[in-house]
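Computed over heavy atoms, backbone and side chain alike; hydrogens, waters and symmetry mates excluded. Note that this is a predicted model, so its numbers are computed, not measured.
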2 protein chains.
Amino acid sequence: MVNAMSDLPEVLQRPLSPNVELLLDARIPARLAWVAPNGNPRVVPIWFHWTGQHLALATFSGAQKLKEIAADSVVAVTIDSQSFPYRGLKIRGTVDVVANEGLAPEYRMAAERYLGPTVAERWCASLAHLDQSTILITPTWAGADMSGAAFLQEEAPG
Amino acid sequence: MVNAMSDLPEVLQRPLSPNVELLLDARIPARLAWVAPNGNPRVVPIWFHWTGQHLALATFSGAQKLKEIAADSVVAVTIDSQSFPYRGLKIRGTVDVVANEGLAPEYRMAAERYLGPTVAERWCASLAHLDQSTILITPTWAGADMSGAAFLQEEAPG
């Protein structure tokens, strides 16, 4: 699928495959990896919000990862199902950091997806006094691996 | 807790906390991060087996990550629950790579935990013609974050 309007990697261009769509809509945290200033790798679980063009990860101002992930950093993310058969989406990209006053709008959207609207509202209210920054990832590469399902393939009901 | 017999980070010394024990026994894949030769971060989901001293991750000979993760590499791992309230264990360490003829013994143990004994046997049989290498991580740092549960704390039944 070629989309002249988008520089997105093919796996992330619309229409998304059902497997990719399901992963981006699931309540699975992204696992975000970066390289610390000492050259060693780091990885953390973090909520994400897919905007259709960017992966937005909000974090609290002052977080260690914000000190280590600056604008133009290169990061890697995996979004993958926890149980067999595994389905996985990997994204690599470059970072812009956007500072917010209070919680990031993408954080509120993520909270609604991960927690449902009622608990998300209470969760965000409990954090509303804090400032966040958004790590906005522009994907430069993406790969999907949905091959695990083949092992469980059975004949469709006739 | 000080254990003069072990150089393990405190979080991984026996007796383990129930939260750490649960994560190491769960069917949650580790997410393994490393730094590629070009200096960029990488992250993949991968089965793990905790030996009590090392985190053993088996992978197939020829895998790209094996070309990029050599002996003495520094890697980072997160093992964390997928649903709220989140519980997470992070481990950083150095790598030894052990080549096996056929499947790695740690892979068979991991398969049994992740798939249960019956499916694991069939799964491993389907792969028995392949050689694996074990990425053996010696933890140099570990941290646990089990703080999410506080939000859901309710009074114990009286």
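- Contact tally against chain B (heavy-atom pairs below 4.5 Å) for A:Pro29, A:Pro41, A:Pro45: the top residue is A:Pro41.
- With rounding to the nearest 0.5 Å, the separation of CG in B:Leu57 from CD1 in B:Ile46 is 4.5 Å.
- B:Ile79 and B:Met109 fall into different hydrophobic clusters, defined by Ile, Leu, Val, Met, Phe, Trp and Tyr side-chain heavy atoms under 4.5 Å apart, directly or through other members.
- A:Leu55 pairs in a side chain to side chain contact (heavy atoms under 4.5 Å, CB included) with only one of the listed residues (A:Leu32, A:Ile137, A:Leu136), which is A:Ile137.
- Follow the hydrophobic side-chain contacts under 4.5 Å out from B:Phe48 and you reach B:Leu66 in the same cluster.
- Cluster annotation: A:Val43 and A:Ile91 are assigned to distinct hydrophobic clusters (Ile/Leu/Val/Met/Phe/Trp/Tyr, side-chain heavy-atom contacts under 4.5 Å, transitive).
- A continuous path of hydrophobic side-chain contacts links A:Leu16 to A:Val11 [ILVMFWY only; heavy atoms under 4.5 Å].
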So which N and O atoms of chain B and chain A form donor-acceptor pairs under 3.5 Å?
{"unit_1": "B:Arg31", "atom_1": "NE", "unit_2": "A:Asp80", "atom_2": "OD1", "d": "3.1"}
{"unit_1": "B:Arg31", "atom_1": "NH2", "unit_2": "A:Asp80", "atom_2": "O", "d": "3.3"}
{"unit_1": "B:Arg31", "atom_1": "NH2", "unit_2": "A:Asp80", "atom_2": "OD1", "d": "2.5"}
{"unit_1": "B:Trp47", "atom_1": "NE1", "unit_2": "A:Tyr86", "atom_2": "OH", "d": "2.8"}
{"unit_1": "B:Asp80", "atom_1": "O", "unit_2": "A:Arg31", "atom_2": "NH2", "d": "3.3"}
{"unit_1": "B:Asp80", "atom_1": "OD1", "unit_2": "A:Arg31", "atom_2": "NE", "d": "3.1"}
{"unit_1": "B:Asp80", "atom_1": "OD1", "unit_2": "A:Arg31", "atom_2": "NH2", "d": "2.5"}
{"unit_1": "B:Tyr86", "atom_1": "OH", "unit_2": "A:Trp47", "atom_2": "NE1", "d": "2.8"}

